[in-house]
Amino acid sequence: MTEHIDSMYDVLIVGGGAAGLSAALMLGRTRRSVAVVDNGEPRNAPAHGVHGFLSRDGISPAELLATSRDQARHYGADLVQGSVVAAGGTLQDGFEVTLDDGRRLRGRRLLITTGLVDELPDVPGLRERWGRDVLHCPFCHGWEVRDQAIGVLGTGPWSVHQSLLFRQWSSNITLFLNGTVVPVESELEQLAARGVKVVHGAVETVRVQDDALKAVVLAGGPEVAVDAVVVGTRVHARLDAFAGLGLAPSPHPMGIGDYLETDAEGATSVPGVWAAGNVTDMRAQVLASAAAASWTAVIINNSLMAEELERDLAAYRKTPAVTGA
């Protein structure tokens, strides 16, 4: 990645996934100076492909990032390898971020696109299969496991909804209550009507053979054959580095984690600081994250333009031609 550091960028972007790079491309096209700081640990790295992205369906996450980086560089963005450990500043004085190696970057505006961290259930074997045959989103991965035996690991109230949703992709769905889900009578009726099997008892582990998921193992030894397991993760916004700005995650209304609150255009509670992508919208897939960040970049550019116009108007009004001096 580029290691060139400017004294003051127009915009600092923290997070170099689809959202951050989409914003960098748009801002670069508006002739803004941009730095994108990224630690090289994208959330979707374990996945075989990115799906539902028009014209890029099935592309590997690594290839999508490589292409996006090249395009951002084409418009002048500096891509900086590293992790931001602290951030501070104000709209009036500019913002500064400190990297884990001590480097510091300054910018007139700050865009946070750091994404989310998935917290998987504490079941041995799930993390190693995450993004492969342990899944969470039917719209991202349902097609790839269509007509297979799919187990839904009970983690909370949303597990019933997940089971009914994945039923669109396969008639062989098993909901493992796992001692955490207690469906009400109406939900049991819905599951039965859709042919979803319900299994009681705690899940102990998953069995893998020949680098493929084979079964869910229940406490006490019984196991149920599956080809894929669906889990409902808890998600956490990556915001520790921004505590110095007064930014902190808020509990999500859906009860499945936390996120950074913004207005409809991505503005946070701190003037001059915006956010886009999963860090503020946990439902957004890659395409939606990129689109949202692109629009937020337009808003940031307009904010800079308004500031520059105000400055130039003030200078113009002091000229002899205007004052008559």
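Remember, predicted model here, so these are calculated numbers, not experimental data.
- Note that CD of Glu96 and CE of Met8 are 9.0 Å apart. Values are rounded to the nearest 0.5 Å.
- Cluster annotation: Val230 and Val203 are assigned to distinct hydrophobic clusters (Ile/Leu/Val/Met/Phe/Trp/Tyr, side-chain heavy-atom contacts under 4.5 Å, transitive).
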*asked:* side chain to side chain contact (heavy atoms under 4.5 Å, CB included) for Leu25 and Ser68? Distances and angles first, verdict last.
replied: CA-CA 8 Å; Leu25 185 150; Ser68 300; over 6 Å; no
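- His236 has its side chain out of reach of Asp118: every pair of non-hydrogen atoms, C-beta onward, lies at least 4.5 Å apart.
- A heavy-atom distance below 4.5 Å is not found between the side chains of Tyr259 and Pro249.
- Contact annotation: the side chain of Ser163 never approaches that of Val198 to less than 4.5 Å [non-hydrogen atoms, C-beta and beyond].
- Atom NE2 of His252 and atom CZ of Arg234 lie 11.5 Å apart (nearest 0.5 Å).
- Counting heavy atoms from C-beta on, the side chains of Leu175 and Ser159 come closer than 4.5 Å.
- Contact check on Glu307 versus Arg109 returns a salt bridge, with a Lys/Arg side-chain nitrogen under 4.0 Å from an Asp/Glu carboxylate oxygen.
- Side-chain contact between Glu144 and His51 is present, with heavy atoms from C-beta onward closer than 4.5 Å.
- In terms of hydrophobic clustering, with Ile, Leu, Val, Met, Phe, Trp and Tyr side chains grouped at heavy-atom distances under 4.5 Å, Val36 and Trp295 are assigned to a common cluster.
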*asked:* Working note: Lys197 + Val224, criterion side chain to side chain contact (heavy atoms under 4.5 Å, CB included); need CA distance, chi angles, decisive distance, verdict.
replied: CA-CA 11 Å; Lys197 298 180 286 292; Val224 178; over 6 Å; no
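- Contact check for Ile112 versus Leu247: side-chain heavy atoms found under the 4.5 Å cut-off.
- Taking each heavy atom of Val181 and Gly154 in turn, the nearest pair found is CG2-CA, 3.6 Å.
- Side chains of Leu153 and Leu126 form a contact here, defined as non-hydrogen atoms less than 4.5 Å apart.
- Cluster annotation: Val270 and Val84 are assigned to the same hydrophobic cluster (Ile/Leu/Val/Met/Phe/Trp/Tyr, side-chain heavy-atom contacts under 4.5 Å, transitive).
- Looking at Arg129 and Asp211, a side-chain N of the basic residue comes within less than 4.0 Å of a carboxylate O on the acidic one, giving a salt bridge.
- Counting heavy atoms from C-beta on, the side chains of Leu27 and Asn301 come closer than 4.5 Å.
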